[in-house]
Amino acid sequence: MKTDPEAFIRANTSVMAPPHVPEISLHLASEAHELWLKTEEELEAIGLPPPFWAFAWAGGQGLARYILDHPEMVHGRRVLDFASGSGLVGIAAAMAGALQVTAADIDPWTESAIRLNAKANGVCLGFTGADLIGQDIEADILLAGDVFYDRAFADALVPWLARLAAEGKLVLVGDPGRSYLPRDRLEFCAVYEVPVTRALEDSEIKKTTVWRFVPRY
(Lines give C-alpha, C1' and ligand atoms only; values in the text may rest on other atoms or scores of the structure.)
Protein backbone atom coordinates (compact mmCIF):
# COMPACT_ATOMS: atom_id res chain seq x y z
CA MET A 1 0.00 0.00 0.00
CA LYS A 2 1.71 3.19 -1.19
CA THR A 3 -0.30 5.67 0.86
CA ASP A 4 -1.27 5.62 4.53
CA PRO A 5 -5.05 5.06 4.40
CA GLU A 6 -5.92 6.84 7.63
CA ALA A 7 -3.91 9.93 6.72
CA PHE A 8 -5.41 10.00 3.21
CA ILE A 9 -8.96 9.61 4.53
CA ARG A 10 -8.52 12.44 7.04
CA ALA A 11 -7.03 14.69 4.36
CA ASN A 12 -9.61 14.01 1.63
CA THR A 13 -12.88 13.74 3.53
CA SER A 14 -14.96 15.73 5.98
CA VAL A 15 -17.00 14.38 8.86
CA MET A 16 -20.64 14.84 7.93
CA ALA A 17 -24.02 13.19 8.33
CA PRO A 18 -25.60 11.31 5.40
CA PRO A 19 -28.83 13.16 4.57
CA HIS A 20 -31.15 10.22 5.26
CA VAL A 21 -29.37 9.12 8.44
CA PRO A 22 -28.57 12.36 10.31
CA GLU A 23 -27.90 10.46 13.55
CA ILE A 24 -24.65 9.10 12.09
CA SER A 25 -21.45 10.94 11.17
CA LEU A 26 -19.05 9.60 8.54
CA HIS A 27 -15.79 10.62 6.90
CA LEU A 28 -17.16 11.38 3.42
CA ALA A 29 -15.83 13.04 0.29
CA SER A 30 -17.22 16.56 0.46
CA GLU A 31 -16.61 17.10 -3.26
CA ALA A 32 -17.78 13.74 -4.55
CA HIS A 33 -16.79 14.24 -8.16
CA GLU A 34 -13.24 15.35 -7.27
CA LEU A 35 -12.33 12.11 -5.50
CA TRP A 36 -14.55 9.74 -7.46
CA LEU A 37 -13.54 11.01 -10.88
CA LYS A 38 -9.83 10.67 -10.36
CA THR A 39 -8.47 8.63 -13.25
CA GLU A 40 -7.58 5.00 -12.81
CA GLU A 41 -3.93 5.99 -13.22
CA GLU A 42 -4.19 8.58 -10.45
CA LEU A 43 -5.80 6.08 -8.11
CA GLU A 44 -3.22 3.44 -8.93
CA ALA A 45 -0.42 5.95 -8.28
CA ILE A 46 -1.54 6.38 -4.68
CA GLY A 47 -2.47 2.72 -4.25
CA LEU A 48 -6.18 3.46 -3.92
CA PRO A 49 -8.96 1.17 -5.18
CA PRO A 50 -12.21 2.93 -6.22
CA PRO A 51 -13.19 4.74 -2.99
CA PHE A 52 -16.63 3.25 -2.38
CA TRP A 53 -16.06 3.89 1.34
CA ALA A 54 -16.02 7.68 0.78
CA PHE A 55 -19.72 7.94 -0.10
CA ALA A 56 -23.03 7.12 1.61
CA TRP A 57 -24.71 5.09 -1.13
CA ALA A 58 -28.50 5.04 -1.34
CA GLY A 59 -28.88 1.36 -0.53
CA GLY A 60 -26.82 1.72 2.62
CA GLN A 61 -28.65 4.85 3.72
CA GLY A 62 -32.02 3.16 3.28
CA LEU A 63 -30.95 0.03 5.15
CA ALA A 64 -29.36 2.05 7.96
CA ARG A 65 -32.55 4.12 8.28
CA TYR A 66 -34.61 0.93 8.51
CA ILE A 67 -32.38 -0.51 11.23
CA LEU A 68 -32.48 2.68 13.30
CA ASP A 69 -36.27 2.87 12.93
CA HIS A 70 -36.69 -0.84 13.81
CA PRO A 71 -34.00 -1.56 16.42
CA GLU A 72 -35.80 -4.72 17.46
CA MET A 73 -34.55 -6.31 14.22
CA VAL A 74 -30.97 -6.38 15.52
CA HIS A 75 -31.14 -5.78 19.26
CA GLY A 76 -29.11 -8.35 21.18
CA ARG A 77 -28.13 -10.22 18.01
CA ARG A 78 -24.88 -10.79 16.09
CA VAL A 79 -24.75 -8.80 12.87
CA LEU A 80 -22.57 -9.03 9.76
CA ASP A 81 -22.45 -5.87 7.63
CA PHE A 82 -21.45 -7.36 4.27
CA ALA A 83 -19.61 -5.23 1.67
CA SER A 84 -19.57 -2.62 4.38
CA GLY A 85 -17.81 0.27 2.61
CA SER A 86 -17.97 3.19 5.03
CA GLY A 87 -19.44 1.03 7.79
CA LEU A 88 -22.70 3.01 7.75
CA VAL A 89 -25.04 0.03 8.08
CA GLY A 90 -22.92 -1.67 10.73
CA ILE A 91 -22.75 1.54 12.75
CA ALA A 92 -26.55 1.80 12.59
CA ALA A 93 -26.82 -1.78 13.85
CA ALA A 94 -24.45 -1.06 16.73
CA MET A 95 -26.40 2.08 17.64
CA ALA A 96 -29.62 0.03 17.53
CA GLY A 97 -28.29 -2.36 20.18
CA ALA A 98 -26.78 -5.26 18.27
CA LEU A 99 -24.82 -7.60 20.52
CA GLN A 100 -21.89 -7.70 18.11
CA VAL A 101 -21.26 -6.17 14.69
CA THR A 102 -18.65 -7.30 12.19
CA ALA A 103 -18.02 -5.26 9.06
CA ALA A 104 -16.80 -7.26 6.07
CA ASP A 105 -15.18 -5.80 2.96
CA ILE A 106 -12.39 -7.05 0.70
CA ASP A 107 -11.13 -3.52 -0.01
CA PRO A 108 -8.25 -3.05 2.49
CA TRP A 109 -8.89 0.71 2.64
CA THR A 110 -12.29 0.14 4.22
CA GLU A 111 -10.74 -1.14 7.45
CA SER A 112 -9.30 2.31 8.16
CA ALA A 113 -12.48 4.11 7.04
CA ILE A 114 -14.69 1.89 9.19
CA ARG A 115 -12.43 2.27 12.22
CA LEU A 116 -12.50 6.08 11.89
CA ASN A 117 -16.26 6.14 11.32
CA ALA A 118 -17.01 3.81 14.22
CA LYS A 119 -14.91 6.01 16.51
CA ALA A 120 -16.74 9.12 15.30
CA ASN A 121 -20.02 7.53 16.43
CA GLY A 122 -18.80 6.04 19.69
CA VAL A 123 -19.39 2.43 18.69
CA CYS A 124 -17.19 -0.62 18.23
CA LEU A 125 -17.20 -2.72 15.04
CA GLY A 126 -15.14 -5.78 14.27
CA PHE A 127 -13.68 -6.11 10.80
CA THR A 128 -12.79 -8.87 8.36
CA GLY A 129 -11.23 -8.47 4.93
CA ALA A 130 -11.95 -12.09 3.99
CA ASP A 131 -14.04 -13.02 0.96
CA LEU A 132 -17.05 -14.51 2.74
CA ILE A 133 -19.19 -15.38 -0.28
CA GLY A 134 -20.23 -19.02 -0.03
CA GLN A 135 -18.93 -19.35 3.54
CA ASP A 136 -20.75 -20.00 6.80
CA ILE A 137 -21.00 -16.89 8.96
CA GLU A 138 -20.85 -16.42 12.71
CA ALA A 139 -23.82 -14.07 12.82
CA ASP A 140 -27.59 -14.11 13.22
CA ILE A 141 -28.23 -11.36 10.69
CA LEU A 142 -26.59 -10.33 7.43
CA LEU A 143 -27.09 -6.76 6.22
CA ALA A 144 -26.08 -5.70 2.72
CA GLY A 145 -26.51 -2.25 1.20
CA ASP A 146 -26.32 -1.69 -2.55
CA VAL A 147 -24.71 -4.96 -3.65
CA PHE A 148 -26.62 -5.85 -6.85
CA TYR A 149 -24.92 -3.44 -9.24
CA ASP A 150 -22.84 -6.05 -11.11
CA ARG A 151 -24.09 -9.23 -12.81
CA ALA A 152 -21.18 -11.49 -11.86
CA PHE A 153 -21.22 -10.28 -8.26
CA ALA A 154 -24.99 -10.76 -8.02
CA ASP A 155 -24.75 -14.24 -9.53
CA ALA A 156 -22.32 -15.20 -6.78
CA LEU A 157 -24.27 -13.51 -4.00
CA VAL A 158 -27.80 -14.77 -4.61
CA PRO A 159 -27.30 -18.49 -3.92
CA TRP A 160 -25.21 -17.70 -0.86
CA LEU A 161 -27.71 -15.27 0.63
CA ALA A 162 -30.57 -17.65 -0.18
CA ARG A 163 -28.75 -20.47 1.64
CA LEU A 164 -28.16 -18.31 4.70
CA ALA A 165 -31.84 -17.37 4.75
CA ALA A 166 -32.82 -21.05 4.46
CA GLU A 167 -30.58 -21.76 7.46
CA GLY A 168 -32.65 -19.34 9.52
CA LYS A 169 -30.52 -16.23 9.32
CA LEU A 170 -32.19 -12.90 8.69
CA VAL A 171 -30.85 -11.41 5.45
CA LEU A 172 -31.81 -7.80 4.74
CA VAL A 173 -30.70 -5.80 1.71
CA GLY A 174 -31.08 -2.15 0.81
CA ASP A 175 -31.32 -1.45 -2.90
CA PRO A 176 -32.09 1.66 -5.00
CA GLY A 177 -33.25 -0.24 -8.08
CA ARG A 178 -29.97 -1.75 -9.26
CA SER A 179 -30.15 -3.88 -12.39
CA TYR A 180 -29.41 -7.28 -10.86
CA LEU A 181 -31.68 -7.24 -7.80
CA PRO A 182 -33.26 -10.75 -7.46
CA ARG A 183 -36.80 -9.53 -6.86
CA ASP A 184 -38.28 -13.03 -7.05
CA ARG A 185 -36.31 -14.00 -3.94
CA LEU A 186 -37.29 -11.00 -1.85
CA GLU A 187 -40.02 -9.78 0.49
CA PHE A 188 -40.74 -6.06 0.80
CA CYS A 189 -39.95 -4.37 4.13
CA ALA A 190 -39.89 -0.61 3.56
CA VAL A 191 -39.23 2.09 0.96
CA TYR A 192 -37.51 5.47 1.30
CA GLU A 193 -36.73 8.51 -0.85
CA VAL A 194 -32.99 8.95 -0.28
CA PRO A 195 -31.05 12.09 -1.27
CA VAL A 196 -27.86 11.20 -3.14
CA THR A 197 -25.00 12.90 -4.98
CA ARG A 198 -25.79 13.57 -8.63
CA ALA A 199 -22.10 13.12 -9.44
CA LEU A 200 -22.49 9.43 -8.55
CA GLU A 201 -26.08 8.70 -9.50
CA ASP A 202 -28.51 9.64 -12.26
CA SER A 203 -30.70 11.76 -9.99
CA GLU A 204 -30.70 13.66 -6.70
CA ILE A 205 -33.21 11.33 -5.06
CA LYS A 206 -33.15 7.53 -5.27
CA LYS A 207 -36.17 5.44 -4.33
CA THR A 208 -34.55 2.86 -2.07
CA THR A 209 -36.21 -0.32 -0.86
CA VAL A 210 -35.32 -2.59 2.03
CA TRP A 211 -35.95 -6.25 1.25
CA ARG A 212 -35.77 -9.50 3.18
CA PHE A 213 -34.47 -12.65 1.51
CA VAL A 214 -37.18 -15.31 1.56
CA PRO A 215 -36.04 -18.90 2.12
CA ARG A 216 -36.80 -21.46 -0.55
CA TYR A 217 -37.10 -25.00 0.74
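All values reported here derive from a predicted model rather than from experimental measurement. What's counted below: heavy atoms across the whole structure, side chains too, no hydrogens, waters or symmetry copies.
- Of the residues listed (V15, I114, I91), the one engaging L26 in a side-chain contact (heavy atoms from CB on, under 4.5 Å) is I91, and it is the only one.
- Once rounded to the nearest 0.5 Å, the distance linking CG of L132 with CD1 of I137 reads 8.0 Å.
- Contact detail for I106 and A130: the closest heavy-atom pair is CG2-O, 3.9 Å.
- Side chain of N121 to main chain of V123: no donor-acceptor pair is present (N/O by atom type, distance under 3.5 Å, no hydrogens or angles).
- Between R78 and the choices T102, V101, I141, D140, the side-chain contact (heavy atoms from CB on, under 4.5 Å) rule is met once, by D140.
- If you take CG on L161 and NZ on K169, they are separated by 12.5 Å, rounding to the nearest 0.5 Å.
- Between the CG atom in D136 and the CG atom in L164 there is a gap of 7.5 Å [rounded to 0.5 Å].
- Minimum interatomic distance between A120 and S25 (heavy atoms only, all atoms of both residues): CB-O, 4.2 Å.
- Between G174 and L63, the closest heavy-atom pair is N-CD2, 3.9 Å.
- Between E23 and R65 there is a salt bridge, since at least one side-chain N of the basic residue sits less than 4.0 Å from a carboxylate O of the acidic one.
- R10 has no carboxylate O lying under 4.0 Å from a charged side-chain N of D4, or vice versa, which leaves the two without a salt bridge.
- A donor-acceptor contact shorter than 3.5 Å is absent between the side chain of R77 and the backbone of A139.
- Y149 and F153 have tilted rings, their planes meeting at an angle from 30° to 60° on a 0 to 90° scale.
- Here the side chains of T208 and Q61 are not in contact, with every heavy-atom distance at 4.5 Å or above.
- Minimum heavy-atom separation, P5 to S112: CB-OG, 3.5 Å.
- Considering all non-hydrogen atoms of both residues, G177 and R183 come closest at CA-NH2, 4.4 Å.
- Residues S84 and T110 form no side-chain contact, since every pair of their non-hydrogen atoms from C-beta on lies 4.5 Å or further apart.
- In summary, E193 and K206 do not engage in a salt bridge, as defined by a charged side-chain N under 4.0 Å from a carboxylate O.
- At least one side-chain heavy atom of W211 sits less than 4.5 Å from a side-chain heavy atom of L181.
- Counting only heavy atoms from C-beta outward, the side chains of L157 and I133 approach each other to under 4.5 Å.
- Take H70 and apply the ring-ring contact (aromatic ring centres under 6.0 Å, His included) test, not counting sequence neighbours, and it matches Y66.
- Under a hydrophobic-cluster definition in which Ile, Leu, Val, Met, Phe, Trp and Tyr are linked whenever side-chain heavy atoms come within less than 4.5 Å, directly or via other members, V74 and I24 are assigned to the same cluster.
- Looking at heavy atoms from C-beta onward, H27 lies out of side-chain contact with S14 at the 4.5 angstrom threshold.
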Test log, rule side-chain contact (heavy atoms from CB on, under 4.5 Å), inputs L143 and V79: CA-CA 7 Å; L143 305 175; V79 173; 3.6 Å; yes
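- With rounding to the nearest 0.5 angstrom, the OH atom of Y180 is 4.5 Å from the CZ atom of R151.
- Shortest non-hydrogen contact noted between H75 and A96 is ND1-O, 3.7 Å.
- Linking ILVMFWY residues whenever their side-chain heavy atoms come closer than 4.5 Å, directly or via other members, leaves L170 and W160 in distinct clusters.
- When side chains are defined from C-beta on, T209 does not count as touching Y192, because their heavy atoms never get closer than 4.5 Å.
- Note on L125 and L80: separate hydrophobic clusters, where clusters join Ile, Leu, Val, Met, Phe, Trp and Tyr whose side-chain heavy atoms are under 4.5 Å apart, directly or indirectly.
- For F52 and W109, the gap between ring centers reaches or exceeds 6.0 Å.
- The main-chain N or O of A103 is never found under 3.5 Å from a side-chain atom of D81 such that the two would form a donor-acceptor pair.
- For the pair T13 and W53, the minimum side-chain heavy-atom distance is below 4.5 Å.
- With a 6.0 Å radius and a threshold of 12 heavy atoms from other residues, nucleotides or ligands, L99 has its CG atom above the threshold.
- The hydrophobic clustering, which links ILVMFWY residues whose side-chain heavy atoms are closer than 4.5 Å, places I67 and F82 apart.
- Residues V214 and L186 are not in side-chain contact: their nearest non-hydrogen atoms beyond the backbone lie 4.5 Å or more apart.
- Using a 4.5 Å cut-off between side-chain heavy atoms of Ile, Leu, Val, Met, Phe, Trp and Tyr, with links allowed through other members, M16 and L68 fall into the same hydrophobic cluster.
- Not a single side chain to side chain donor-acceptor pair (under 3.5 Å) links R212 to another residue, sequence neighbours left out.
- Of the inter-residue distances, the one linking L172 atom CG with E187 atom CD reads 10.0 Å to the nearest 0.5 angstrom.
- Distance check, rounded to the nearest 0.5 Å: CG of D107 to CD of E111 gives 10.5 Å.
- No more than 12 heavy atoms of other residues, nucleotides or ligands sit less than 6.0 Å from atom CD of E138.
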Verdict with supporting geometry, D175 and K207, salt bridge (Lys or Arg N to Asp or Glu O under 4.0 Å): CA-CA 9 Å; D175 187 90; K207 181 179 178 181; over 6 Å; no
